[in-house]
Amino acid sequence: MTYVPPFRRDDQPDFGNYQRGYSSHNQQQGYNQGFQQQQHQQDFGQGNFQRAQHGDRRAGPHPGAFNVRPNFAHGQNFQQQHQSQGQGYTPYTRDEKPEDEIFKEHSAGINFDQYEAIQVSMTPNDTPPVESFSEMTLAPMLMENVSRCRYTKPTPVQKYGIPVVLKGKDLMACAQTGSGKTAAYLIPAVNHVLVNGANPPVGRQAVPSALVLAPTRELSIQIYEEGRKFTFRTGLRCVVVYGGADPRYQINELARGCHVLVATPGRLLDMFSRNNLKFSGIRYLVLDEADRMLDMGFEPQIRQIVQGPDSDMPRTGARQTLMYSATFPREIQQLAREFLHNHTFLQVGRVGSTTENITQSVRWVEDAEKRDTLLALIGEHGDKLVLVFVEKKRDADYLERYLRQCRISCASIHGDRVQREREEALAYFKAGVCRVLVATDVASRGLDIPNVGVVIQYDLPSNIDDYVHRIGRTGRAGKTGVAYSFFNEKNRNIVDDIVPLLRETNQEVNQHIASMVTPKRQPQQSRGRGRGYGRGGFGYGGGRGGYGNNNNSYGHNQGGYGGYNSYGNNSSNSTSNTHNNYQQQYQPTHNHGIFQPRH
Ligand SMILES: Nc1ncnc2c1ncn2[C@@H]1O[C@H](COP(=O)(O)OP(=O)(O)OP(=O)(O)O)[C@@H](O)[C@H]1O
């Protein structure tokens, strides 16, 4: 059976004689073993890789797409410039989807303006924010694409982050769910390639200029789809490679030219070790959801890609590196120390968005009552898309079956599903063909599914970071959403984190659940904890030393382990961008409870 990923199915069928056969045997094998790199190698080892290498090829990379250095200062656009310079530039004719499909209807939610009230901190605070995209002096073609996205004004992470990145600085950023982080790094990435020129390919080897690493397949596909928006009609190609899908298809895509590459680490290393691409041209590296990548065990692969002995990646300082992470545990601090050079730290608090956009309801529901409660809630929210999180894969299967029996259109997604099924389930849900999607944590991070009105945590996760990410699948881009969580005795371990979170965000707290909170102990200044107490948002610290001081180290604060120094909110409610004295701003006494230490 020939497999084409759902997100490419509408492309023009111009793959020539290139065979994209993808046996279900391969799929099954590739997927059942999860994200492991070894498995990707097995996939390649089936002989398909060899066949692909020698298969028929479509035309090589587009000639006009390389070595171009448009001079936007002169007000000429990219195409005019190259025609006038006689460099043989021809309009890009690759099989781009029609404009209205790439830029599907998007509207910011009614609460979009509330982002203005979110507190922002930046260290060092040496780059003023910009209030509009036009002030960013982006390449004209990119600016047109921003307009096509219908983005009228930047979100805080874009307002503050994009100017820093456009200045060429490295950035470590933490911002709340659904606030436009993807565009915050893709817009400057595409601008960078347009302005500085793309690398010529070396034979069939791609030499991307920008690389985005993401933890999950679905997230990388989503970033790729955003990337296609910003590269639309620019002559640049955005390509995605991720495990579980047909490597031959991805190899072919790379060979056709790749300027912005989105990838999961395991598959990327496979492609690299098989000479399908070089890292030597990378001037712009993004690690999205860095903490999640570490949680998933990708650290060795990331290190191999970025600083491994075989890697030809430009070293720290010779490339621009951006890291986005929801939390800031010790491992991420270490990576930031090694990968970033003289960087800026940007933190966009979650204050407004969680409070105003997501209504959270944590209810006491015994296991035996969960099914009925779920049915009642789905019924209550008649026409909304409902995302249901469960802990175990088999429960996802089981609940899907049950809901179908109850005549509710439903799909499910989890790690034991083959990639085709995972992508189809998401596509059906996004399109509204299925009203309910039952998911494990595969869908908890980063996925931007427009119009998810309700998130139901049928099973609560064991940590608060996952809680925040899961509820963050609703209430995105200024839209409102509701998140229900079923709580019972088994979730006692999360109660100390969840109750303060609900209180901080002015949500109703079930009295019985509140009574289970461990009486508060005094913070002990002497010890940090293994992980930061980021609450899935953007606090960090934990471990040894919070985020350091003005000279960008992560050293000890106050001579102790800094366990309680965090980038928590200070007393001000307004956007704060005048952090001249960083140390002063982040003394523990200024932390008003958003980032309470875990005891
Ligand atoms: N300036 C903007 N104006 C309006 N909508 C925007 C803007 N920037 C981004 N968006 C939209 O906001 C939604 C959420 O963006 P995105 O997925 O990048 O959020 P995120 O911060 O990465 O979230 P998460 O932490 O969950 O990954 C997307 O649908 C995106 O198109």
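Counting starts at 1 for both ligands and their atoms, following the listed order. Below, all heavy atoms of this structure are taken into account, side chains as well, without hydrogens, waters or symmetry copies. The chain is numbered in sequence order, starting from 1.
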Just checking, is any N or O donor in the side chain of Arg319 or Thr316 under 3.5 Å from an acceptor N or O on the other one? yes
Given side chains that start at C-beta, do those of Leu346 and Val157 come closer than 4.5 Å, heavy atoms only? yes
Sub-4.0 Å atoms of ligand 1 with respect to non-hydrogen atoms of Thr182: 16 (P), 17 (O), 18 (O), 22 (O)
Could you point out which residue of Phe230, Tyr324, Tyr284 forms a ring pair (Phe, Tyr, Trp, His ring centres under 6.0 Å) with Tyr185? Tyr324
Under a plain distance cut-off of 3.5 Å, with no hydrogens placed, do Tyr428 and Glu423 share a side-chain donor-acceptor pair? no
Numbered atoms and elements of ligand 1 in range of Arg473, under 4.0 angstrom, heavy atoms: 26 (O)
Is Gly180 close to ligand 1, meaning an N/O of one under 3.5 Å from an N/O of the other? yes
Phe133 heavy atoms, cut-off 4.0 Å: which ligand 1 atoms fall inside? 1 (N)
If you measure from each heavy atom of Lys153 to ligand 1, is any distance below 4.0 Å? yes
Using a 4.0 Å cut-off to any heavy atom of Glu289, which atoms of ligand 1 qualify? 27 (O)
Have Gln250 and Arg267 got a donor and an acceptor in their side chains that come within less than 3.5 Å? yes
Note, Phe339 side chain near Leu287 side chain (heavy atom, < 4.5 Å): yes
Does any N/O atom on Lys181 come nearer than 3.5 Å to any N/O atom on ligand 1? yes
